[in-house]
Amino acid sequence: MVDQGRIRSTVRPDEIVVDDYSVWVNTDVQEVTVTHEGDTHTEYEYHQVQYTKDEYIKQMIAENKENNHLMNTILGVNE
């Protein structure tokens, strides 16, 4: 995982972007109005984290296990 920190772009990012090698997760997207030399335009500032595909899959498996455990606890189901 590589935490890219806060990123600014003129294009609103998708929440998740998958390329050949990585999964890019963009969160906390905020519109920012920028004025430069009398010109005003909108940019987007967001937090970006890059995962390898293997890291992302492992994270999703762990989250699914936790969610299943919580759901079983709520429903009173014994595993």
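Note that the structure is a prediction, hence the values are computed from the model and not measured.
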**Student:** Say you draw a straight line from CG of Asp28 to CD1 of Ile7; how long is it, rounded to the nearest 0.5 Å?
**Tutor:**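 With rounding to 0.5 Å, CG (Asp28) is 12.5 Å from CD1 (Ile7).
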
**Student:** Measuring from atom CD of Gln30 to atom CD of Glu45, what distance do you get when rounded to the nearest 0.5 angstrom?
**Tutor:**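 Answer for the CD-CD pair, Gln30 versus Glu45, is 6.5 Å.
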
**Student:** Would you please test Thr42 and Arg12 for side chain to side chain contact (heavy atoms under 4.5 Å, CB included) and show each step?
**Tutor:** CA-CA 10 Å; Thr42 300; Arg12 183 176 189 87; over 6 Å; no

**Student:** What pair of heavy atoms forms the shortest contact from Met1 to Val49, and how long is it?
**Tutor:**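 For Met1 versus Val49, the nearest heavy atoms are CG-CG1, 3.4 Å.
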
**Student:** Nearest heavy-atom pair of Gln4 and Trp24: which atoms, and what distance?
**Tutor:**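 Looks like NE2-CZ3, 4.0 Å.
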
**Student:** Taking all heavy atoms of Thr27 and all of Arg6, pick out the closest pair and write down the distance.
**Tutor:**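 Minimum heavy-atom contact is O-NH1, 4.3 Å.
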
**Student:** Surrounding CD of Glu15 (heavy atoms of other residues, nucleotides or ligands, distance under 6.0 Å), is the total greater than 12?
**Tutor:**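 Incorrect, the count does not exceed 12.
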
**Student:** Do you see a donor-acceptor pair shorter than 3.5 Å between the side chains of Thr35 and Thr40?
**Tutor:**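 Yes, because at least one side-chain N or O of Thr35 sits under 3.5 Å from a partner of the opposite role on Thr40.
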
**Student:** Output yes when a side-chain donor or acceptor of Lys65 lies under 3.5 Å from a complementary backbone atom of Met60, and no otherwise.
**Tutor:**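 Side chain of Lys65 to backbone of Met60: no pair is present.
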
**Student:** Any side-chain donor paired with an acceptor under 3.5 Å for Gln48 and Asn26?
**Tutor:**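 Their side chains do contain a donor-acceptor pair, which is all the 3.5 Å distance test asks for.
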
**Student:** Tell me if a side-chain donor or acceptor on Ser9 pairs with a main-chain N or O of Val11 at a distance below 3.5 Å.
**Tutor:**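 Side chain of Ser9 to backbone of Val11, a donor-acceptor pair under 3.5 Å: yes, one is there.
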
**Student:** For residues 47-67, which residue pairs pass the ring-ring contact (aromatic ring centres under 6.0 Å, His included) check, not counting sequence neighbours?
**Tutor:**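 Found Tyr51-Tyr56.
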
**Student:** Inspect the surroundings of NE2 in His41 and state if more than 12 heavy atoms from other residues, nucleotides or ligands are less than 6.0 Å away.
**Tutor:**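 Yes, the 6.0 Å shell around NE2 holds more than 12 heavy atoms from other groups.
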
**Student:** With sequence neighbours left out, write down each residue that passes ring-ring contact (aromatic ring centres under 6.0 Å, His included) with Tyr46, or none if nothing qualifies.
**Tutor:**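 Result, ring-ring contact (aromatic ring centres under 6.0 Å, His included) vs Tyr46: none returned.
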
**Student:** Nearest heavy-atom pair of Arg8 and Val32: which atoms, and what distance?
**Tutor:**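 Result for this residue pair: NH2-CG1, 3.7 Å.
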
**Student:** Between the main-chain N or O of Ser22 and the side-chain N or O of Asp19, is there a donor-acceptor pair closer than 3.5 Å?
**Tutor:**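 Side chain of Asp19 to backbone of Ser22: a pair is present.
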
**Student:** Is the count of non-hydrogen atoms from other residues, nucleotides or ligands lying under 6.0 Å from Lys58 atom NZ greater than 12?
**Tutor:**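 12 or below, so no.
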
**Student:** Any donor-acceptor pair under 3.5 Å linking the side-chain atoms of Gln59 with those of Glu63?
**Tutor:**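 Gln59 and Glu63 do have a side-chain donor-acceptor pair below 3.5 Å.
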
